[in-house]
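Structure, as structure tokens:
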Amino acid sequence: MTHPPSRRMTARAIADALRSEITEGTLSPGDVLPTSKDLAERFDVTPKTVGAGIDILKGEGLVIGEQGGRRRVRANRPIVWNLTKFERGVRRDSAAGDDWSTAIRDAGREPEQRVTVRTGPADRQVASWLQIPQGTEVVERVRLRTVDGQPYQLATSSFPMAIAEGTPLLDEGDVSMPGGILAAIGHPQHRVRDEITIRMPSPDETELLDLPPGTPVAEHVRIGYGESGPVRAMVTIAPGDRHRLVYELEV
């Protein structure tokens, strides 16, 4: 008489077990996972099944792979990005840094912005945001924002050339001015409109932001309006594992 084979854990069950240990703190951020051999012995499965289970956690962004075959619990320290206060009210811009950099320093972290400038015709999306004809010349200031030396945001601000020409908006590098550059050159923003989309990153975004596989991003679009229409469209790509987005609204 034959007996049915014993039921072994599936890759999904192994992923569930390890995920619980991560969320409960048994495995802490930065911890190296046990080897595939050790986990195979623990769960009474093959190393191939263990690998499939860990691949599930990699896809969820909970575990990252390293050189040498080690797997580690992701250990990023998220920042709180308060979008209600960001660039609104009494702005914190100064010659030493813009509103974003000041907020990061106030949180006890170290910000840096690597800024490049480029000019060219507005594509369909930018033209729509800025309410200008497609192909109109615009200036783009592209910021790679780092916190404690790690990439945290990729922010691209587009301005009509009619506003930017002959101003610090065309200057390379991390330029900041009290109250913000737009206000300083006579085009203050009187209101803003935000759009947020959650999606997977493009290959270029993955490389620039050093994103482990499976990491989603928030695409935050902020359109700034002056007296007679839009003066800036800023698109910020924010990795989901490094941010907590906050809004404070009156009810």
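Excluded from the calculations below are hydrogen atoms, water molecules and symmetry mates; all remaining heavy atoms, backbone and side chain alike, are included. Numbers for residues simply follow the sequence, beginning at 1.
Taking each heavy atom of Ala52 and Ala11 in turn, the nearest pair found is CB-CB, 3.6 Å. Pairing each heavy atom of Ile223 with each of Pro230, the nearest pair is CG2-CB, 4.1 Å. Between Pro201 and Pro216 the shortest heavy-atom distance is CD-CA, 4.5 Å. A pairwise comparison of heavy atoms in Thr46 and Ala40 identifies C-CB, 4.0 Å as the closest pair. Heavy-atom minimum distance, Thr102 versus Arg92: OG1-O, 3.1 Å.
For the residue pair Arg70 / Thr35, no side-chain donor-acceptor distance below 3.5 Å is found, with atom types taken as modelled. In this model, a donor atom of one side chain and an acceptor atom of the other lie less than 3.5 Å apart for Arg109 and Tyr152. Side-chain contact check for Glu140 and Ser157: no donor-acceptor pair (N or O, by modelled atom type) lies under 3.5 Å. Between the side chains of Gln134 and Arg124, no donor-acceptor pair is found at a separation under 3.5 Å.
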Yes or no on ring pair (Phe, Tyr, Trp, His ring centres under 6.0 Å) for Phe86 and Trp100, after CA distance, side-chain angles and deciding distance?
-> CA-CA 7 Å; Phe86 176 56; Trp100 182 85; 8.4 Å; no

Go through the steps for Glu195 and Arg193 under the test salt bridge (charged side-chain N to carboxylate O under 4.0 Å, His left out), then give the verdict.
-> CA-CA 7 Å; Glu195 303 174 4; Arg193 179 175 184 268; 2.3 Å; yes

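Judged by the 6.0 Å and 45° rule, Arg191 forms a cation-pi pair with Tyr225.
A salt bridge links Arg199 with Glu219; the closest basic N to acidic carboxylate O contact falls under 4.0 Å. Taking a cutoff of 4.0 Å between a charged side-chain nitrogen and a carboxylate oxygen, Arg91 and Asp99 do not qualify as a salt bridge. Note on Arg77 versus Glu110: no salt bridge recorded, every NZ/NE/NH1/NH2 to OD/OE distance being 4.0 Å or above.
Residue Met161 belongs to a hydrophobic cluster whose other members are Val117, Val139, Leu170, with links defined by side-chain heavy atoms closer than 4.5 Å.
For NZ of Lys58, the number of neighbouring non-hydrogen atoms (other residues, nucleotides, ligands) closer than 6.0 Å is greater than 12. Taking a 6.0 Å sphere around CD of Gln131, one finds it holds more than 12 heavy atoms contributed by other residues, nucleotides or ligands.
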Can you give the donor-acceptor pairs under 3.5 Å from side chains of residues 235-243 to other protein atoms, not counting sequence neighbours?
from   : atom 1 : to     : atom 2 : distance (Å)
Asp241 : OD2    : Arg74  : NH1    : 2.6
Asp241 : OD2    : Asn76  : ND2    : 2.4
Arg242 : NH1    : Pro151 : O      : 2.6
Arg242 : NH1    : Leu209 : O      : 2.8
Arg242 : NH2    : Leu209 : O      : 3.4
Arg242 : NH2    : Asp210 : O      : 3.1
His243 : ND1    : Pro239 : O      : 3.0
His243 : NE2    : Gln153 : NE2    : 3.1

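Between Leu18 and Leu39 the shortest side-chain heavy-atom distance falls below 4.5 Å.
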